[in-house]
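A short write-up of the structure that comes next.
Both backbone and side-chain heavy atoms feed into the values below; hydrogens, waters and symmetry mates do not. Within every chain, numbering begins at 1; the chains are lettered A, B, ... in the order of the sequence lines, protein sequences first and strands thereafter.
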Amino acid sequence: VERQGDEHHVHHRNRQPHLDRRTYNAGAIATTGTVVMPPATTVTLSTTPATVVSPTSVLGNNTASWDPTLTVSLPSNAVAGTYNGTINTSVS
Amino acid sequence: VRHLFGAMALAAVITSTAASASFADTNGHGRPAAPGLGIRLVDAPTSLANDPRAHAYIIDGLAPGAVIDRRVQVVNGTAETARVSMYAAAASISHGSFTGARGHTQNEVSSWTTTRPRSLSLAPQARAFVHVTVHVPSDASPGERYGVVWAEVTTPPLAGSGVTQVSRIGIRLYLSIGPGGPPASDLAITSMTAIRDAHGNPMVRATIHNTGGRALDLSGSLSLSDGPSGLSTGPFPIRLGTTLGIGQTEPVYVTLDRQVPDGPWLATLTARSGLLKRTARATLTFPSGPGAGAAITARPLPNQRPWVLWGVITLSALLLLVALLYVLRRRRGLVGTA
């Protein structure tokens, strides 16, 4: 079982500006039951899914929850306006 | 006709505001749903009833032209009605991870898979069954293929945020296509390395090679024995999450207790995937500071199967009986001549 954060498609009208860096940090992970979660690390997001949280051991019924921090750094030459993004979170 | 039975299975959960996952769940009847959206596999083939992987994932060996039907249950543990989209999409195994492809990306196995219904409207705490049907075309080429059946919810951006959240949870598909039974699974533990990380914690890195014909989801444990002053310790679990594709080789890690002395130790590693189990040994000494020792070639241990043990016991008993009869006859002979 791994959780994967994938992708921000960021669109500005018809332009797709190059974004310097998009990062995901799960922060503190709260658990119930028997599950060991290593401390979260900052993951750079792209259009390819990447693992953001993965347990080291699990036993029986348990849960893990977290409130991720997303950071988008815009280049200094970005055009002012409204930008939209999508974050996909997958668990399988 | 395949016989199916209800199975307790893995459930995974995502809430729309924060991601959250539950890694295993019982069938959930009669108690509130875990928070978020949940999914579990209901049916597993009777031929794989003892295989824990077959209760979490859709795993099967299918001949071209075969059709299978499996049920999954989707549960809404959120406080709002959820509009859930059900679909199959591609997946692949690389660098030790099983990864679902982005969005609705298709491959062969996902194009053979349909869900009924394709969307659900679930009230809070409501559950629904979804049928997953895989129809393998008669001209499908042999080999193992991967996919995921996803349950997906989309949360539109809050006013002024501009960020759409798509959360999905899925059941993995591992389908081996070919005539006759599916190929056997096997693995080899090739080497072990003693490591001390930057914080001084001892770890063991073991290299595992998938030598069989199916993908493997690795678990297992490491024990240390014959240490300083005859110490023994463990078992310590292998870090989870490593999936090995056919022919792939990846490292798995075991984190040990900080108190473990440097050694030397006799390390015994057992690696499992479903019903497959392989054990190997190596003599390891941990470096006194951060760093890694040399990779030590692991010696495989013979597979201890119950029938081998019973065979040995029966053979020993027979030999003892023969020896006893021989002694008795000699004694009688001696008495006869005296």
Side-chain angles (χ1 to χ4, degrees), chain A residues 1-12 22 24-40 45-72 81-92, chain B residues 10-26 28 34-37 39 56-57 89 91 95 97-103 148-150 152 154-155 157 160-173 217 219 221 236-243 253-255:
Chain A
V1 183
E2 284 184 279
R3 281 117 300 278
Q4 286 151 352
D6 133 48
E7 179 46 355
H8 294 182
H9 326 260
V10 178
H11 302 283
H12 176 244
R22 296 152 282 178
Y24 182 109
N25 191 305
I29 301 169
T31 61
T32 63
T34 308
V35 53
V36 179
M37 285 291 184
L45 296 178
S46 68
T47 54
T48 308
T51 301
V52 291
V53 171
S54 184
T56 55
S57 72
V58 292
L59 184 71
N61 291 346
N62 48 68
T63 65
S65 55
W66 61 93
D67 228 331
T69 303
L70 300 170
T71 311
V72 180
T82 306
Y83 290 78
N84 297 308
T86 302
I87 172 98
N88 290 302
T89 310
S90 305
V91 180
S92 75
Chain B
L10 172 141
V13 172
I14 298 180
T15 61
S16 53
T17 48
S20 122
S22 85
F23 300 104
D25 195 15
T26 57
L37 187 72
I39 195 168
Y57 308 133
H95 306 296
S97 286
F98 185 103
T99 309
R102 180 184 164 191
V148 181
V149 175
W150 293 110
E152 182 177 283
T154 301
T155 311
S161 104
V163 176
T164 301
Q165 293 187 59
V166 177
S167 298
R168 60 182 188 174
I169 49 178
I171 301 288
R172 301 181 188 181
L173 290 148
D217 291 304
S219 63
S221 62
F236 301 97
I238 287 179
R239 254 187 228 172
L240 286 178
T242 301
T243 301
Y253 292 88
V254 183
T255 306

Legend entry - Derivation of the side-chain contact (heavy atoms from CB on, under 4.5 Å) call for T86(A) and V166(B): CA-CA 7 Å; T86(A) 302; V166(B) 177; 3.7 Å; yes
Legend entry - Rounded distance (nearest 0.5 Å) linking atom CD of E152(B) with atom CG of N88(A):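 One gets 7.0 Å once the value is rounded to the nearest 0.5 Å.
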Inset, instruction - Tell me, for P157(B) versus chain A, whether the close heavy atoms (under 4.5 Å) come from the side chain, the backbone, both or neither. - result: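 P157(B) has no heavy atom closer than 4.5 Å to chain A.
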Which atom pairs, one a donor and one an acceptor, fall under 3.5 Å between side chains of residues 26-40 of chain A and the rest of the protein, sequence neighbours left out?
from: T32(A); atom 1: OG1; to: T63(A); atom 2: N; distance (Å): 3.3
from: T32(A); atom 1: OG1; to: T63(A); atom 2: OG1; distance (Å): 2.5

Legend entry - Identified side chain to side chain contact (heavy atoms under 4.5 Å, CB included) partner of T99(B) from the options S90(A), P49(A), S92(A):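 Result for side chain to side chain contact (heavy atoms under 4.5 Å, CB included) with T99(B): P49(A).
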Legend entry - Derivation of the side-chain contact (heavy atoms from CB on, under 4.5 Å) call for I87(A) and V163(B): CA-CA 7 Å; I87(A) 172 98; V163(B) 176; 3.9 Å; yes
Inset, instruction - For R102(B) and T47(A), run side-chain contact (heavy atoms from CB on, under 4.5 Å): C-alpha distance rounded to whole Å, both residues' side-chain angles, the deciding distance at 0.1 Å, then the answer. - result: CA-CA 8 Å; R102(B) 180 184 164 191; T47(A) 54; 3.6 Å; yes
